[in-house]
Amino acid sequence: MNFSKQLIYWYLINKRDLPWRTTDNPYYIWLSEIILQQTRVDQGMAYYFKFVENFPTIKDLADAQEEHVLKLWQGLGYYSRARYLHFSAKYIVNEHNCIFPSSYNTILKLKGVGDYTASAIASICFNEPTAVVDGNVYRVLSRYFGIFTPINSTNGIKEFKKLAQQLIDVKKPGIHNQAVMEFGARMCKPQNPDCNNCPLNDSCFALSKNSIKELPVKVKKLKIKNRYFNYLVIHSKSNTTKMVKREKGIWLNLYEFPLIETSEPIDKNQLIKHEIFNDLFDSKELNVKLFTREEKPHKLSHQHIFTKFWIVKTRDSKNFNNSWDDIEKLPVPALIDNFLTQYKSN
DNA sequence: GACACGTGGGG
DNA sequence: TCCCCAAGTGT
């Protein structure tokens with residue numbers, strides 16, 4: 001048996017029952033693929049059910065408000081996925097008469113859909129023999145064939161795509177693609193792969209050369225940047241507060257309290273002298289108190305955010321138009337959501 | 001080509 | 001604790 005046939009054989013016996021594996025509706029496959037980008041199945045599952053329930057069709061998704069879509073996505077991270085999902089749903093409704101595009105090239109035109117996702121949908125839903133190359137595929141191929149080209153180099157990306165394309169079973173590309181990925185996720189895992197029970201263990205380069213731990217090769221480490229956030233949790237005279245929509249960078253279009261970002265940690269004296277702080281308030285009669293919480297930074301993959309939540313009580317009410325009930329409906333980053341949970345329990 | 005973009009689980 | 005990383009894409 002060749003590589004593909006062995007993996008498909010293994011897959012048909014060992015695959016998990018996942019909800020998107022019982023449908024060939026391209027909308028649901030698309031949805032699942034977007035949710036699963038850089039995301040574990042266990043983490044994404046609940047979101048898949050939420051979206052299918054709230055938006056059973058592409059039209060339902062297209063008709064939704066972005067705020068609603070982001071609220072359902074809250075907590076999953078990489079929020080551009082949700083914005084592009086919504087954007088592309090509107091595009092399919094308006095430009096494709098609600099019909100999901102049915103070829104690799106036309107699927108690739110969707111925002112938020114790159115080579116991987118277009119290949120996955122085209123193969124699974126439309127039987128087009130386009131090979132997927134995701135983290136699992138890089139790992140499986142690099143180990144089995146002994147390829148030391150860095151997977152995140154331009155050459156590596158080309159080389160692995162070419163190899164994957166040569167290996168694909170053109171008769172059942174969808175099954176083949178899912179088999180390689182499932183095999184990578186369950187058998188040829190990053191740590192402690194189950195080589196003893198691996199159906200390919202008599203012909204695996206890395207196993208025979210004892211180089212499992214060296215593969216796949218990945219270059220570069222991104223440097224973590226530290227950022228210092230000061231959120232103003234305002235209580236107005238009438239006990240309203242203020243949330244603002246983020247307009248750039250991380251958490252785009254999600255909501256947060258008024259933010260003062262500094263290059264270093266600041267104390268209360270520095271805070272109340274800050275221009276942004278003073279522009280917010282007319283009254284000088286303010287009660288400013290630091291909300292005590294853990295010093296743990298909010299860790300993102302590329303930055304650590306050190307946050308102080310300042311509770312500010314003011315006699316003003318102008319511009320502080322959000323009720324505490326209203327803000328529950330707004331999409332917020334996990335950092336804000338975690339704070340609100342702690343704050344309310346106090 | 002390098003970097004931005006989240007969150008949570010596991011060793 | 002720290003680091004890796006998980007069905008990537010856009011700029």
Side-chain angles (χ1 to χ4, degrees), chain A residues 11 15-16 18-21 28-48 70 73-85 87-88 107-121 123-124 131-140 150-158 160-161 164 174 176-186 188-193 213 216 218-225 227 246 248-254 256 295-305 331-338:
Chain A
Y11 173 74
K15 66 175 176 171
R16 290 166 287 182
L18 301 174
W20 44 86
R21 286 188 174 152
Y28 293 144
I29 300 297
W30 174 47
L31 180 58
S32 72
E33 292 298 346
I34 300 297
I35 287 174
L36 291 176
Q37 287 171 6
Q38 299 288 283
T39 303
R40 286 183 172 76
V41 167
D42 289 343
Q43 195 189 355
M45 186 81 78
Y47 289 83
Y48 176 79
L70 285 172
W73 202 272
Q74 180 178 307
L76 195 56
Y78 283 153
Y79 297 94
S80 66
R81 292 183 291 173
R83 297 194 307 269
Y84 290 145
L85 187 73
F87 179 94
S88 295
I107 296 168
L108 190 58
K109 291 191 194 313
L110 301 177
K111 260 197 174 157
V113 171
D115 175 65
Y116 162 77
T117 305
S119 300
I121 300 172
S123 63
I124 294 170
V132 297
V133 183
D134 73 332
N136 293 307
V137 178
Y138 282 124
R139 189 169 56 255
V140 171
I151 60 172
N152 53 350
S153 64
T154 305
N155 283 340
I157 292 168
K158 266 194 286 189
F160 281 97
K161 177 76 183 184
H176 167 95
N177 278 336
Q178 295 182 81
V180 185
M181 292 191 285
E182 185 81 344
F183 179 76
R186 310 274 293 175
C188 196
K189 299 174 291 182
Q191 280 96 26
N192 309 317
K213 283 186 159 50
K218 206 171 182 179
V219 292
K220 287 171 273 181
K221 290 174 191 166
L222 77 167
K223 39 200 171 203
I224 306 289
K225 290 173 186 166
R227 303 177 71 180
R246 283 190 66 92
K248 55 192 295 187
I250 196 171
W251 303 323
L252 180 67
N253 289 3
L254 274 68
E256 63 185 1
E295 296 290 323
K296 277 197 311 186
H298 188 68
K299 291 183 178 179
L300 313 184
S301 50
H302 52 301
Q303 51 187 284
H304 290 354
I305 302 181
V332 296
L335 174 62
I336 300 290
D337 195 44
N338 294 338

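First the proteins, then the strands, lettered A, B, ... as listed; each starts at 1.
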Ring geometry between Y28(A) and Y48(A) (parallel below 30°, tilted from 30 to 60°, perpendicular above 60°): perpendicular
Gap between atom CG of L70(A) and atom CG of L76(A) - 0.5 Å precision: 11.5 Å
Within residues 131-138 of chain A: residues closer than 4.0 Å to DNA chain C (heavy atoms): D134(A), G135(A), N136(A)
[N] and [M]: how far apart are their [atom1] atoms, nearest whole angstrom?
| N | M | atom1 | value |
| --- | --- | --- | --- |
| dC5(B) | dA6(C) | P | 22 Å |
| dA7(C) | dG11(B) | P | 15 Å |
| dT9(C) | dG8(B) | P | 22 Å |

Whole-Å gap separating [atom2] ([N]) and [atom1] ([X]):
| X | N | atom1 | atom2 | answer |
| --- | --- | --- | --- | --- |
| H304(A) | dC2(C) | NE2 | C1' | 9 Å |
| K111(A) | dT9(C) | NZ | C1' | 12 Å |
| Y116(A) | dA6(C) | OH | C1' | 11 Å |
| L110(A) | dG8(C) | CG | P | 18 Å |
| K213(A) | dC3(C) | NZ | C1' | 15 Å |
| I151(A) | dC5(C) | CD1 | C1' | 10 Å |
| I157(A) | dG1(B) | CD1 | C1' | 10 Å |
| E182(A) | dA7(C) | CD | P | 10 Å |

Any donor and acceptor pair, going by atom type alone, linking the side chain of [X] with main-chain N or O of [Y] inside 3.5 Å?
| X | Y | value |
| --- | --- | --- |
| R139(A) | C188(A) | yes |
| R186(A) | K15(A) | no |
| S88(A) | L85(A) | no |
| Y138(A) | P150(A) | no |

Trace of the side chain to side chain contact (heavy atoms under 4.5 Å, CB included) decision for V113(A) with I34(A): CA-CA 8 Å; V113(A) 171; I34(A) 300 297; 4.3 Å; yes
Partners meeting side chain to side chain donor-acceptor pair (under 3.5 Å) with E182(A) (sequence neighbours left out): R16(A), R21(A)
By side chain to side chain donor-acceptor pair (under 3.5 Å) - contacts of D115(A) (at least two apart): Y104(A), K161(A)
Base, sugar-phosphate or nothing for [X]? Non-hydrogen atoms, less than 4.0 Å.
| X | answer |
| --- | --- |
| K248(A) | nothing |
| N177(A) | nothing |
| W20(A) | base |
| R21(A) | base |
| S32(A) | nothing |
| L18(A) | base |
| Q178(A) | nothing |

DNA chain C: stems of at least 3 consecutive Watson-Crick or G-U pairs whose donor-acceptor distances fall under 3.5 Å: B:2-5 with C:8-11, B:7-11 with C:2-6
K223(A) side-chain N/O to dC3(B) phosphate OP1/OP2 under 4.0 Å: yes
Side-chain N or O of R139(A) closer than 4.0 Å to phosphate OP1/OP2 of dA6(C): yes
Criterion side chain to side chain contact (heavy atoms under 4.5 Å, CB included) against V132(A), the qualifying member of N177(A), V180(A), T117(A): N177(A)
For Y11(A), all residues meeting ring-ring contact (aromatic ring centres under 6.0 Å, His included), sequence neighbours excluded: none
Reading 5' to 3' through nucleotides 6-11 of chain B, protein heavy-atom contacts under 4.0 Å coded B for base, S for sugar-phosphate only, - for none: BBBB--
Any side-chain donor near an acceptor of the partner, Y116(A) and Q37(A), under 3.5 Å: no
Worked verdict on I336(A) versus W251(A) for side chain to side chain contact (heavy atoms under 4.5 Å, CB included): CA-CA 11 Å; I336(A) 300 290; W251(A) 303 323; over 6 Å; no
Closest-nucleotide 5' rank along DNA chain C - winner of V113(A) and L36(A): L36(A)
Minimum-distance nucleotide (side-chain atoms of K225(A) versus dA4(B), dA6(C), dC5(C)): dA4(B)
